[in-house]
A.B. asks: 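For reference, the structure I am asking about is given below.
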Amino acid sequence: MARELVGINAHPEASTDGYEVVHSKSEVFYPVYERKTDLKHQTHYCAGCGHGVVHKLIAEAIEELGLQDRTILVSPVGCSVFAYYYFDVGNVQVAHGRAPAAATGLHRACPDKVVIAYQGDGDLAAIGTAEIIHAANRGEKIAVFFVNNAIYGMTGGQMAPTTLVDQKSTTSPWGRRPVNEGFPLHMAEMLSSLQAPVYIERVALSDNKNIMKARRAVRKALELQRDGAGFSFVEILSPCPTIWGKDPVEAKRWVAEKMIPNFPLEVFRDHKIELPTNNAPPHKTVAELIEGKREEAAAPAPASAHHYRELGIKIAGFGGQGVLLLGQLLAEMGMREGLEVSWLPSYGPEMRSGSAHCQVWLSKEKIGSPLVSHPQVLVAMNEMSLRKFASEVAPGGIILYGRDQLPEDFTISQAQVVCIPASEIADRLGSAKVGNVVMVGALLEATECLHTTTAMKVLEAKVKNANLLELDRQALEAGRIYIDHHVAVGAVAQADGFTQ
Amino acid sequence: MRQLCKGNIAVIKGALLAGCRAYYGYPITPASEIAEAAALFFPEIGGTFVQAESETASINMVYGAAAAGMRVMTASSGPGLSLMQEGISYLAGAELPCVIVDVMRAGPGLGNIAPEQSDYFAMVKGGGHGNYRNLVLAPASVQEMAELTILAFDLADKYRNPAIVLTDGYVGQMMEPLDLEYREIAAPEKPWAVKGTPETRKNFVSSIYLEADDLEAHQRRMEAKYIRAQQNETRYEQYHTENAELLVVGYGIVSRVLRSAVDEARRLGIKVGLFRPITLWPFPTEQLKLAAARTQKVFVVELSNGQMVEDVRLALNGTRPVEFYGRVGGNVPSVEELVEKIEEQSAALV
Amino acid sequence: MGQARGNITIDIEECKGCGLCVECCPPKCLELAPELSRYGAHPARYSGEGCTGCGICFYCCPEPGAIIVYRLAPLKAVAAQGGDHATAL
């Protein structure tokens, strides 16, 4: 009998009358694969490919668990790059290896949804190793289905991170040699060393029994997502008959005989975990965060009252001497007194050791360059800073040097130097750490560029500890008194760099 | 209410105001304060902050959140941006809006952490694979770090494209008064997003178009929106250009130094004006042509060995001589240095 | 011959002739057709006897809709199997 081979291939004598359907295409698959360019009624996978089986297991579980309307599938790069052809769920296609990272962003944006990352061995275990390990380690609430077929299928048979020792591929043509290519990567075992995952299992599409185990594993991984339980990972050993050069039945047998001994089937992790959370519930408004604290805008004098058009200040010293804070204090004061201000720090390793400096402009006009190349005021907290920056000081400028006397061999002609043993003064007050505040007191007294009352206002806003605030007040005062009693200044830096 | 604020932190304040509720990033000097501020602020209003394992992961987390329709951002500096280029290409291809801040440091390689403007090519000309453009905004002050971040979110959504805030270590690290008041900023609806809901089940976010004709059509649509952006989104600033004989051009921190140098040179009697592109892409080509047409010569200053100057030359297309001065390695020219250069350029004018 | 407990149909537009269903079928009631489909494969078919409706073939088959598995409706099943409607899975 020559029957035309189209349509449904039912046995001609076996009518389905009186029978009811128990297994058929899941409704989670599109009825027609419209995103495909042709053959829209069948998958793009080769005959006997394991991906199709894994797809069916996932679709069935999504359907049975009622998750279709709340699932987002992340398609990888590899043969399953086109998973979105088939699954009638929300679909996002991502870069090679990055599915766990994209799934992280997706799930955190949609925390009550089910996010699936579907990945192959090149995607997950080679180019995306970092992404999968860290997503697992964060306990991202996603399900990862890892299809391990020990080969690169899409690109035509190159070695995979899971290619077996001695297994030939186009890039291991003499077989994988550990001396050159290392050993196959065991992802399920690696991830099992992490604390956060709730479920890790390796299954195989090797025989009927194992396929049904895979079915249960897939379902369980999705149940855990439905319940928001945590990171689930199912590794599926899967045949690739075309690239392996075997017929589908042989390929399936190869999974059983070659892959399983190398990749043991096991439940590596199955426990509930409650991750400790330290986050307070959201308790602020955007306005509170962006507008800053509403502090008293101390303005004892209008900006126009300042005796300079613009004043460039450089502050330098050892890291830890508070030079950056000193500059911030001056900038904050200037702002409160209605001036335009800028503060520019040296940054990076310098602030952790070695020297640090910052540059501050106080100006009545809009500030152009925030760099201060010729400061009218230099605060040099140590000898190194003095030697490094003194020559930059503008003619008629002033140098506040944080020691009791200048180095013997140091001379300068264009600027006046005032020595203030700030650290010693601060130490006598109880903490050498407020040496920078002593210096502020001295600077304000010597230059009259800003008001001491403003300094206190700023400190009150910044320093919460009453004892420390009192110490700061004493330090400011000590700096002021030191200048007042010990130093005849008589020269104040002006906008044009000359003294009056 | 003015507050003294660091440029990097102003970025996050702007982002919060713009409705950004997700930050994925990896620390790097001189951009780390952006991540730190996000870590501090985002959880307080129910947002998400994740320190990713790499910039590669960061940008793909951004991809995921953007696919779900969130206003999302990341920030880094040159070495991190190099790692992100793959993801930026995918974001552009998938037409996903997001904001990426590049606080430029000196390269190539590890270079150093001091400011340069040497990521111009990488950010403005693409950097990742394929035909795409980034929208690129270049703030020059702390206030602009906030305001241009807000604008970046708006433009990113408007054009469904990554928007880059391209700045440098100095603007990121410096503190200036920031004046930011709460205001409602509405983000547009994103019916294309994939949210795991019945309404969005049919949606698909991807940059894959297997058929040549399909991919060409996709790219033509992208080109059309890029043309719209070029027509509508150029932003720039001019300073004393009205009777200038010499036009200096610089962006970001350099524009600040140039502004001071222009003031000083004008005091010396030199007729010089400043043209400052605020959008680096789309580049304010037409406006630059107009400004340059009134002058005899154009002088470009960058913290690079000559990157934006190529766009200036393209814009002027030989109609005016274009001279260039660049400092690299983390050196930033002083006002005096640029005044000297302006004097030289001015003396050479006929 | 009594009515089998199970039945299957195979859509040869979808079937790629991989033969996995034939290999996995516990009662061995599937076979590859000698004829070629228009895609050049020998599609699977039900031999017409012995299907238990266990569904193994469905899970071994990589194509989403190639195989539909049926079982005798309950009333008929009771009649045919003396009330013992086995489920293999």
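Below, chains carry the letters A, B, ... as their sequence lines are ordered, and counting in each starts from 1.
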A.B. asks: Non-hydrogen atoms of chain C under 4.5 Å away: do they reach the side chain of Y30(A), the backbone, both or neither?
C.D. replies: neither
A.B. asks: May I ask you to check whether over 12 heavy atoms, not counting those of K36(A), lie within 6.0 Å of atom NZ?
C.D. replies: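 Atom NZ in K36(A) is packed in, count exceeds 12.
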A.B. asks: Is there a donor-acceptor contact under 3.5 Å from the side chain of K25(A) to the main chain of A66(C)?
C.D. replies: no
A.B. asks: For chain A, which candidate among C18(C), C57(C), C51(C), G65(C) shows the most heavy-atom pairs at distances under 4.5 Å?
C.D. replies: C18(C)
A.B. asks: Between T9(C) and T16(A), what is the shortest heavy-atom contact and its length?
C.D. replies: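 Minimum heavy-atom separation between T9(C) and T16(A): CG2-CG2, 3.7 Å.
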A.B. asks: Heavy-atom distance under 4.5 Å between the side chains of Y33(A) and P64(C), does that happen here?
C.D. replies: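 Yes; the side chains approach each other to less than 4.5 Å.
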A.B. asks: So which residue, V21(A), V54(A), D247(A), T43(A), ends up with the most heavy-atom pairs under 4.5 Å with chain C?
C.D. replies: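 Top count of heavy-atom pairs under 4.5 Å with chain C: T43(A).
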A.B. asks: Taking CD in E64(A) as the centre, count heavy atoms belonging to other residues, nucleotides or ligands within less than 6.0 Å. Is the count above 12?
C.D. replies: yes
A.B. asks: Say you draw a straight line from CD of E13(C) to CG of L39(A); how long is it, rounded to the nearest 0.5 Å?
C.D. replies: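 Separation between the atoms: 9.0 Å.
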A.B. asks: What's the separation between atom CD in Q3(C) and atom OH in Y19(A), rounded to the nearest 0.5 Å?
C.D. replies: 4.0 Å
A.B. asks: Rounded to the nearest 0.5 Å, how far apart are CD1 of I211(A) and OH of Y59(C)?
C.D. replies: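 OH of Y59(C) is found 11.5 Å from CD1 of I211(A).
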A.B. asks: For chain C, which candidate among L205(A), V22(A), V53(A) shows the most heavy-atom pairs at distances under 4.5 Å?
C.D. replies: V22(A)
A.B. asks: I'd like to check L20(C) versus V249(A) (side-chain heavy atoms, cut-off strictly below 4.5 Å). Are they in contact?
C.D. replies: yes
A.B. asks: Tell me yes or no: between the side chains of Y39(C) and Q42(A), is some donor less than 3.5 Å from an acceptor?
C.D. replies: no
A.B. asks: Considering all heavy atoms of both residues, which atom of C24(C) and which atom of K252(A) are nearest to each other, and what is their separation?
C.D. replies: CB-NZ, 3.9 Å
A.B. asks: Going from CD on E23(C) to CG on D207(A), what distance comes out if it is rounded to the nearest 0.5 angstrom?
C.D. replies: 9.0 Å
A.B. asks: Rounded to the nearest 0.5 Å, what separation is found between the CD1 atom of I8(C) and the NE2 atom of H23(A)?
C.D. replies: 11.5 Å
A.B. asks: Which atoms of H55(A) come close to chain C, meaning under 4.5 Å heavy atom to heavy atom: side chain ones, backbone ones, both, or neither?
C.D. replies: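 No part of it gets close to chain C.
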A.B. asks: Check for a donor-acceptor pair, side chain of E63(C) on one end and backbone N or O of G52(A) on the other, with a separation under 3.5 Å.
C.D. replies: no
